[in-house]
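See structure below.
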Amino acid sequence: MIAAKRGFSLVELLVVIAIIGTLVGLLLPAVQSARAAARSTACKNQLRQIGLAITQYGDLHNGAFPEWSHAGDGRSWIDTLAAHLEQVDSVRICPDDPQATDRLQADATGYVISDYLAADDVPGTRRNRRQLQATSKTMIAFEGAGDRPIDAAYDHAHASEWFSSLNVAWGLVGLKVRQDLQLDRHADAANYLYVDGHVEVIAEATIDRWIADNHNFAEPQ
């Protein structure tokens, strides 16, 4: 007698589907975490490329830093560093920027330069790296806030204004910083470029602690 072929019962099929669903549920966060880490690393590498471009620009201009958009048409660092960067369009946009595509189309940037180093007319400005005592402790570029206007004019952070006496007195420093910077883009942290070219990942909580301590972390050293 030929034995009858036995297939899956409905209960067995549901059990298998439940197991597969559980496994997917366990693996998905790990996959998402790995992808997020890869995007954060790509962002860090892009900032390093910008740092190298700033160094090359300075070597050709007696140590001067590139300027911001207020210097005039074609004088923003977005324009002047282009000759020192390959694939400049993609380099200036963080992969995790929620408005990345729109910024590219507008010739804008996801990163912002410190006005302390890019402007001639702000308190405490240092327009030349030779004026710094510690390039490894001076930040020059940050990850711009995701909700910043999509315009090439927004290429800088108003770092010189964050810790103004008025902002400190009224408790507005945190708000002003967040209007310029995205502090939590990568797992509650963000990448920060220093003048010597190195990039640090700094947690949002650390920035908040500095703000509470009235420590102007962007002030040139």
Side-chain angles (χ1 to χ4, degrees), residues 37 39-68 76-78 80-82 84-86 88 91-97 109-120 122-145 148 154-163 173 176-178 180-211 213-221:
R39 291 193 297 271
S40 178
T41 299
C43 174
K44 185 185 297 185
N45 288 335
Q46 289 176 184
L47 275 172
R48 287 197 184 103
Q49 292 181 56
I50 291 173
L52 288 172
I54 290 173
T55 298
Q56 292 175 6
Y57 178 91
D59 290 342
L60 295 174
H61 295 85
N62 298 314
F65 294 116
E67 298 174 293
W68 60 349
S76 164
W77 67 271
I78 300 175
T80 56
L81 294 187
H84 306 282
L85 288 167
E86 294 183 5
V88 63
V91 167
R92 71 173 189 272
I93 305 293
C94 171
D96 270 335
D97 190 326
T109 175
Y111 303 113
V112 289
I113 195 170
S114 172
D115 65 345
Y116 270 125
L117 306 181
D120 292 316
V122 302
T125 186
R126 297 287 188 275
R127 284 289 296 123
N128 195 295
R129 67 188 180 205
R130 297 171 185 170
Q131 296 175 307
L132 300 175
Q133 294 183 344
T135 58
S136 63
K137 297 180 180 180
T138 301
M139 297 178 181
I140 189 169
F142 317 89
E143 296 197 57
R148 286 163 40 251
Y154 291 86
D155 67 340
H156 58 278
H158 305 87
S160 64
E161 301 175 8
W162 294 341
F163 287 84
V173 177
K176 296 299 182 180
V177 170
R178 284 175 169 82
D180 284 338
L181 312 186
Q182 191 69 41
L183 305 181
D184 60 350
R185 178 157 288 152
H186 307 290
D188 295 326
N191 295 309
Y192 296 79
L193 173 66
Y194 288 75
V195 174
D196 70 341
H198 86 276
V199 177
E200 288 188 15
V201 180
I202 302 178
E204 179 183 22
T206 298
I207 299 294
D208 283 336
R209 185 171 67 252
W210 289 344
I211 292 172
D213 293 341
N214 199 26
H215 167 54
N216 189 349
F217 57 92
E219 188 173 16
Q221 302 297 312

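The basis for the numbers below is simple: all heavy atoms, side chains too, and nothing from hydrogens, waters or symmetry mates.
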Return the CG to OH distance between Asn216 and Tyr116, rounded to the nearest 0.5 Å.
4.0 Å

Those residues that, when tested against Val201, pass side-chain contact (heavy atoms from CB on, under 4.5 Å) (two or more places apart)
Lys44, Ala189, Asn191

Close side-chain approach of Ile140 and Trp77, heavy atoms under 4.5 Å:
no

Any idea which heavy atoms bring Ala141 and Leu47 closest together, and the distance?
CB-CD2, 4.3 Å

How far apart are the closest heavy atoms of Trp210 and Met139, and which atoms are they?
CZ3-CE, 4.2 Å

Tell me, please, which residues at least two apart from Ser76 pass side-chain contact (heavy atoms from CB on, under 4.5 Å).
Ser69, Ile78, Asp79, Asp155

Between CD1 of Ile202 and CZ of Phe217, what distance do you get to the nearest 0.5 Å?
8.0 Å

Between Leu181 and Ile207, is there a side-chain heavy-atom distance shorter than 4.5 Å?
no

How about OH on Tyr194, more than 12 heavy atoms from neighbouring residues, nucleotides or ligands closer than 6.0 Å, or not?
yes

Which residues pass the salt bridge (Lys or Arg N to Asp or Glu O under 4.0 Å) test with Arg130, not counting sequence neighbours?
none

Whether Arg92 side chain and Ile50 backbone form a donor-acceptor pair below 3.5 Å:
no

Could you tell me if the side chain of His186 sits less than 4.5 Å from the side chain of Cys94, heavy atoms only?
yes

Exactly one candidate in Ile54, Thr55, Leu117 meets side-chain contact (heavy atoms from CB on, under 4.5 Å) with Val195; the answer is Leu117

Who are the side-chain contact (heavy atoms from CB on, under 4.5 Å) partners of Tyr57, not counting sequence neighbours?
His61, Pro66, Thr80, Leu81, His84

Starting from the C-alpha separation in whole Å, work towards a yes-or-no answer on side-chain contact (heavy atoms from CB on, under 4.5 Å) for Arg209 and His215.
CA-CA 9 Å; Arg209 185 171 67 252; His215 167 54; over 6 Å; no

Between Arg127 (side chain) and Phe65 (backbone), is there a donor-acceptor pair under 3.5 Å?
yes

Just grab all the salt bridge (Lys or Arg N to Asp or Glu O under 4.0 Å) pairs involving residues 182-202, residues at least two apart or on different chains.
Glu143-Arg185

Might you point out which heavy atoms bring Arg126 and Pro220 nearest each other, and give the distance in Å?
CG-CB, 3.6 Å

Under the side-chain contact (heavy atoms from CB on, under 4.5 Å) rule, what do Asp120 and Thr125 come out as? Steps first, then yes or no, please.
CA-CA 7 Å; Asp120 292 316; Thr125 186; 5.7 Å; no

Nearest atoms (heavy-atom pairs only) where Ser160 meets Asp115
OG-OD2, 2.7 Å

Could you check whether Trp162 and Phe142 have their ring centres less than 6.0 Å apart?
yes

Do any pairs count as a salt bridge (Lys or Arg N to Asp or Glu O under 4.0 Å) and have a residue in residues 52-64, sequence neighbours left out, and if so which ones?
Asp59-Arg129

Under 4.5 Å between any side-chain heavy atoms of Glu204 and Arg178, yes or no?
yes

With distance as the sole test, does Thr138 use its side chain to make a donor-acceptor pair with the main-chain N or O of Gln221 at under 3.5 Å?
yes

Verify side-chain contact (heavy atoms from CB on, under 4.5 Å) between Phe163 and Glu219, making sure each step is shown before the conclusion.
CA-CA 10 Å; Phe163 287 84; Glu219 188 173 16; over 6 Å; no

Can Asp180 and His158 be counted as having a side-chain donor-acceptor contact under 3.5 angstrom?
yes

